[in-house]
Amino acid sequence: MKKRILITGAAGFLGSHLSDRFIKEGYHVIGMDNLITGALKNIEHLFPLKEFEFYHHDVSRFVYVPGELDYILHFASPASPIDYLKMPIQTLKVGSLGTHNLLGLAKSKGARMLIASTSEVYGDPDVHPQNEDYWGHVNPVGPRGVYDEAKRFQEAITMAYHTFHNLETRIVRIFNTYGPRMRLYDGRALPAFMGQALRGEDITVFGDGSQTRSFCYVDDLIEGIYRLLLSDYSSPVNVGNPNEITIKQFAEEIIALTGTNQKIVYKPLPTDDPKQRQPDITRAKSILGWEPKVDRAEGLKITYDYFKNLPEFKK
Ligand code: UDP
């Protein structure tokens, strides 16, 4: 009998890569998505498979799945600053009500549940790099508060189900990740810069570009999540690439890669944009034996090939 896994947000960037991975590992994958930010084209290649089924459903409402379930991966949520500014209430609901519904489902099915948390739980961090014992520096009423606090609540309720109901739970704190199937217009730095280069537009760097991020290639992240799910570790684990750069450097790397010679223009820094971010991955290394393998030059090249071949850029 194949293990059965429910993946919420299955039509999204990470959800679709997770669906691919678990199909490859021999699981029966049940994808669920309300498609407000996900896109069916990310998973259309899975529809012919008998090991894959899909429910068009919003997990903030009661979730029904027939049959047995061994695992639940909760990856449904708007996840870019532009998206959660446009959809603040849905963002809060999917992290809180959605998580509660799925924890209830996990409990009734005896399934193990892994939730997608985020480096945003650390806010604009004053500890650097961020390890899992740092409690964060978050503005609850700022524009990012709807995402950050939903994810913090999500961790809290997941831990409560673990301690109170003995539910098997896993918490991954995901740092900036990139790769094929990111949405071109989601406002994130990488698709913004690559899209601008491909359209011949100026590259928009926010602030003076001295803020830092650490970018992880999607295959590395998926490997970390896979290992965490199958581990017996229930405290949060950072998964990300510690190789940190400034956003200005990042823009310059993308300009060099695309060979388009675009110029950089500077725009105002969004409110509460974190000044620095780098995961401390000591825990992931020791507990999961995991560390990223794909360097930025390689990962950016694969990602650029994906964007270049999108219908809107194909001549
Ligand atoms: N950013 C930028 N230009 C853009 C989009 C983003 O300079 O067109 C900056 C953004 O202000 C942030 C960094 O790039 O400092 C990473 O942004 P992203 O939205 O990718 O992720 P997050 O802020 O959630 O880490």
Side-chain angles (χ1 to χ4, degrees), residues 12-14 37 75 77-88 91 95 116-125 128-130 136-139 142-152 172-218 221 238-255 257-258 260 262-279 296 299-300 303-304 307:
F13 168 45
L14 298 181
T37 58
F75 278 69
S77 178
S80 86
I82 290 224
D83 288 339
Y84 44 78
L85 283 174
K86 276 195 295 210
M87 295 173 269
T91 303
S117 189
T118 163
S119 54
E120 283 286 323
V121 300
Y122 302 123
D124 187 3
H128 193 75
Q130 294 80 54
H137 178 224
V138 172
N139 175 5
R144 288 177 178 252
V146 296
Y147 185 64
D148 302 6
E149 297 297 357
K151 291 294 185 180
R152 289 168 68 97
V172 59
R173 290 187 180 151
I174 298 169
F175 283 66
N176 293 70
T177 300
Y178 68 96
R181 301 186 192 152
M182 289 187 96
R183 270 157 56 230
L184 196 51
Y185 296 103
D186 79 353
R188 290 190 167 279
L190 182 141
F193 296 165
M194 288 196 176
Q196 287 158 349
L198 285 162
R199 288 187 295 268
E201 296 167 5
D202 294 338
I203 307 291
T204 54
V205 166
F206 298 160
D208 62 4
S210 64
Q211 71 274 31
T212 67
R213 294 293 186 274
S214 309
F215 294 94
C216 184
Y217 185 64
V218 63
L221 183 92
N238 288 340
V239 177
N241 190 322
N243 190 347
E244 181 181 2
I245 51 163
T246 68
I247 292 302
K248 180 162 184 284
Q249 270 175 288
F250 190 54
E252 285 164 353
E253 282 186 10
I254 290 178
I255 293 170
L257 168 73
T258 59
T260 48
Q262 299 314 113
K263 90 171 188 300
I264 292 180
V265 292
Y266 294 89
K267 302 271 181 188
L269 191 66
T271 311
D272 296 340
D273 196 284
K275 282 180 280 306
Q276 52 181 2
R277 187 182 285 156
Q278 185 201 128
R296 209 168 46 242
L300 286 180
T303 310
Y304 184 56
F307 281 116

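All ligand and atom numbering here is 1-based and tracks the order in the structure. Residues: numbered from 1 along the sequence shown.
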Proximity to ligand 1 by part of L190, non-hydrogen separation under 4.0 Å: neither
F193 and ligand 1 - part of the residue with a heavy-atom distance under 4.0 Å: side chain
Proximity flag R277 to ligand 1, non-hydrogen atoms under 4.0 Å: yes
Contacting atoms of ligand 1, where contact means under 4.0 angstrom from a heavy atom of A192: 8 (O)
R213/D273 salt bridge by N-O under 4.0 Å criterion: yes
Location of contacts on P81 toward ligand 1, heavy atoms closer than 4.0 Å: side chain
Aromatic ring pairing F193/F250, orientation class (parallel under 30°, perpendicular over 60°, tilted between): tilted
Distance filter under 4.0 Å to N176 heavy atoms, resulting ligand 1 atoms: 21 (O), 22 (P), 25 (O)
Taking atom 7 (O) of ligand 1 as the reference point, the nearest protein heavy atom with its distance: F206 N, 2.7 Å
Heavy-atom pair of closest approach, residues R277 and T212: N-OG1, 3.2 Å
Within-shell test, S80 vs ligand 1, heavy atom, strictly < 4.0 Å: no
Proximity winner for atom 10 (C) of ligand 1, if only heavy atoms of I82, D273, T204, I247 are counted: D273
Option whose closest heavy atom lies nearest to atom 25 (O) of ligand 1, chosen from R144, Q276, R213, R188: R213
Distance-only side-chain donor-acceptor flag, T204 / Q196, under 3.5 Å: yes
Option from R173, H137, Q130 for which side-chain hydrogen bond (donor to acceptor under 3.5 Å, both in side chains) with Y122 holds: R173
Taking every non-hydrogen atom, the tightest pair across P242 and P279: CB-O, 3.7 Å
Pair D208 + K248: basic N to acidic O under 4.0 Å: no
Proximity of A189 to ligand 1 by residue part, where a heavy atom lies under 4.0 Å: both
For V205, the ligand 1 atoms whose distance to one of its heavy atoms is below 4.0 Å: 7 (O)
Nearest heavy atoms of I82 and D186, plus distance in Å: CB-O, 3.5 Å
